[in-house]
Amino acid sequence: MCSIMGYTGSALTPEEFKKGFAETVSRGPDMSAVVKLNNGMLGFHRLAIMGLTDKGMQPFLLGNRKLVCNGEIYGFRPVKEELIKEGYCFASDSDCEILLPLYEKYGTDMFAMLDAEFAMIIYDGDTKSLIAARDPIGIRPLFYGYDGQGGIMFASEAKNLVGLSEKVMPFPPGYFYKDGEFHCYRDVTAVDKVCYDDVETVCKNIREKLIKGIEKRLDADAPLGFLLSGGLDSSLVCAVSAKLLKKPIRTFAIGMSTDAIDLKYAKEVADYIGSEHTEVIITKDDVIKALPEVVALLGTYDITTIRASIGMYLVCKAIHETTDIRVLLTGEISDELFGYKYTDFAPDAASFQKESEKRVRELYMYDVLRADRCISVNSIEARVPFGDLDFVKYVMSVDPEKKMNRYNKGKYLLRHAFEGDYLPYDILMREKAAFSDAVGHSMVDYLKEYADTVYTDKEFAEKCEKYTFAKPFTKESLLYRELFEKYYPGQAEMVKDFWMPNKEWQGCDVNDPSARVLSNYGDSGK
């Protein structure tokens with residue numbers, strides 16, 4: 001991960017800009033730079049992943065243009081070779097150095113051409129304008145705000161801009177900003193043509209495309225690691241990676257000291273694929289102590305995001321403190337494509353597809369936000385193979401009748417696609433347990449119990465009335481909201497709402513986001 005920030009205007013002083021930018025130095029602890037523009041500033045904190053020498057330091061320059069980018073540009077080498085043939089010269093092995101030549105050739109059409117996850121800011125010295133763009137899923141973070149005098153600012157995280165802008169908002173994924181307007185260059189949920197191939201053909205394509213997506217993300221000049229929960233998604237990423245690399249990979253799992261569900265399954269996978277495996281064990285005290293830190297780093301009050309982030313943050317903290325790993329592959333974005341436990345209650349295929357579209361469009365506020373912040377705050381880069389654009393586009397196009405749970409097994413297409421020797425059969429067919437639950441049911445119980453000690457019933461009722469947007473509805477949600485307001489005062493609209501199952505569906509009108517409260521949870525928690 002890296003951190004970027006850009007500003008055009010005259011209201012902010014260099015000192016104010018640098019102070020705001022310093023909030024995310026952990027995203028890029030290797031080198032930092034702030035450069036002046038004719039009418040603003042551009043900043044970059046570097047975490048060296050590709051092209052590890054100082055020559056890979058940004059901003060990159062080309063003519064009167066400057067660029068900072070937090071991103072990974074997949075398949076950049078053949079593109080770079082073509083640009084060299086056209087006369088462009090490159091100083092480093094950084095993938096992001098190709099971006100300014102591409103912008104010079106294609107302008108803003110470049111964004112739709114990229115096979116990448118990115119947030120970037122370009123300063124065009126010819127027009128003295130700031131251009132910003134974000135990848136179609138929003139895997140890389142970007143926020144924006146205004147200075148009150150007509151100036152605009154962009155930054156990797158909201159905490160960079162709090163205090164500099166009255167209102168901080170997430171930059172919409174799949175958009176670019178230019179000359180005062182936001183333009184959509186790609187809607188990753190849009191389906192041009194529904195794929196009605198038979199199940200075997202669909203599964204073959206799913207397997208091939210996911211393997212390619214994983215293979216791309218193994219390309220790094222810095223050490224790789226893998227988060228392994230023992231669930232289907234992370235287990236597949238680890239198993240495929242081990243096959244591709246043809247050597248033992250380094251895997252990491254986390255669980256409560258009393259009732260960890262996932263640790264035994266993660267070990268089973270690790271033993272099967274022959275990985276160098278590490279378990280991180282946490283206690284009730286670890287969970288409660290980490291809570292304020294997690295809310296501060298996340299920039300959300302959403303219940304399920306915070307619950308799931310505590311384990312992820314603590315395992316990444318352990319990785320940062322005890323290893324040299326700089327890149328972590330994770331299993332996010334599978335549920336949004338293939339279904340959650342609650343999507344078993346979808347009344348029809350059209351409703352399933354609509355819910356999938358909603359979840360993918362909102363990923364940047366929930367699961368993707370969680371993965372980015374928990375990993376980047378520990379100076380590590382997250383890579384998410386299920387977010388591969390070609391893979392997402394294909395799965396979104398598959399006939400939703402086939403993606404629904406018609407097989408008495410959720411996410412059947414993904415499971416069937418990898419039947420064989422990738423994973424033990426019991427892991428491949430294991431029922432899903434949400435990450436916050438699988439770390440140990442006790443973790444969520446401890447959080448609820450703690451919130452119950454903070455407020456009396458009277459205090460809870462009174463304090464909830466302060467909020468009109470995303471009003472807290474349990475003591476736990478009030479606790480999270482008050483912590484959020486401490487670090488991000490008045491910025492609640494950065495998050496659309498609480499992540500919850502679709503309450504309009506029969507069986508989903510619940511008051512807690514955990515799958516444990518659903519009637520079909522079944523064997524998921526065993």
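When reading the values below, keep in mind they use all heavy atoms of this one structure, side chains included, and skip hydrogens, waters and symmetry mates.
Under 4.0 Å is where a charged nitrogen must lie from a carboxylate oxygen, and between Arg326 and Glu381 no such pair does. Using a 4.0 Å cut-off between a side-chain N of Lys or Arg and a carboxylate O of Asp or Glu, Asp219 and Arg77 qualify as a salt bridge. In this structure, Glu493 pairs ionically with Lys167, as a charged nitrogen and a carboxylate oxygen lie closer than 4.0 Å. In this structure, Lys66 does not pair ionically with Asp124, as no charged nitrogen and carboxylate oxygen lie closer than 4.0 Å. With salt bridges taken as basic N to acidic carboxylate O contacts below 4.0 Å, none links Arg383 and Glu117. Using a 4.0 Å cut-off between charged side-chain N and carboxylate O, Asp233 and Lys411 make a salt bridge. The existence of a salt bridge linking Lys204 and Glu208 is confirmed by a sub-4.0 Å separation between a basic side-chain nitrogen and an acidic carboxylate oxygen. Salt-bridge check for Lys393 with Asp390: failed, with every basic side-chain N at 4.0 Å or more from each acidic carboxylate O. Salt-bridge annotation for Asp512 and Arg307: present, with a side-chain N of the basic residue lying under 4.0 Å from a carboxylate O of the acidic one. Using a 4.0 Å cut-off between charged side-chain N and carboxylate O, Glu336 and Lys358 make no salt bridge. A salt bridge links Arg359 and Glu355; the closest N-O separation between the charged side-chain nitrogens and carboxylate oxygens is under 4.0 Å. Ion pairing between a basic and an acidic side chain is recognised when a charged N comes within 4.0 Å of a carboxylate O; Arg430 and Asp262 show such pairing.
Considering only heavy atoms from C-beta on, Leu67 stays 4.5 Å or farther from Pro59 through its side chain.
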Under the side chain to side chain donor-acceptor pair (under 3.5 Å) criterion, do Ser234 and Ser229 qualify, and how do the steps go? CA-CA 6 Å; Ser234 65; Ser229 73; 3.1 Å; yes
Before giving the answer on side chain to side chain contact (heavy atoms under 4.5 Å, CB included), spell out for Val368 and Ile333 the whole-Å C-alpha distance, their side-chain angles and the decisive distance to 0.1 Å. CA-CA 8 Å; Val368 161; Ile333 313 184; 3.9 Å; yes
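Tyr342 and Asn502 form no side-chain donor-acceptor contact under 3.5 Å, judged by distance and modelled atom types alone. No side-chain donor from either of Ser379 and His320 sits under 3.5 Å from a side-chain acceptor of the other. Ser92 and Glu97 share a side-chain donor-acceptor pair at under 3.5 Å.
Here Phe76 and Phe90 keep their ring centres 6.0 angstrom or further from each other.
Considering Glu86, Lys80, Glu82 in turn, Lys80 is the only one that fulfils the side chain to side chain contact (heavy atoms under 4.5 Å, CB included) rule with Ile84.
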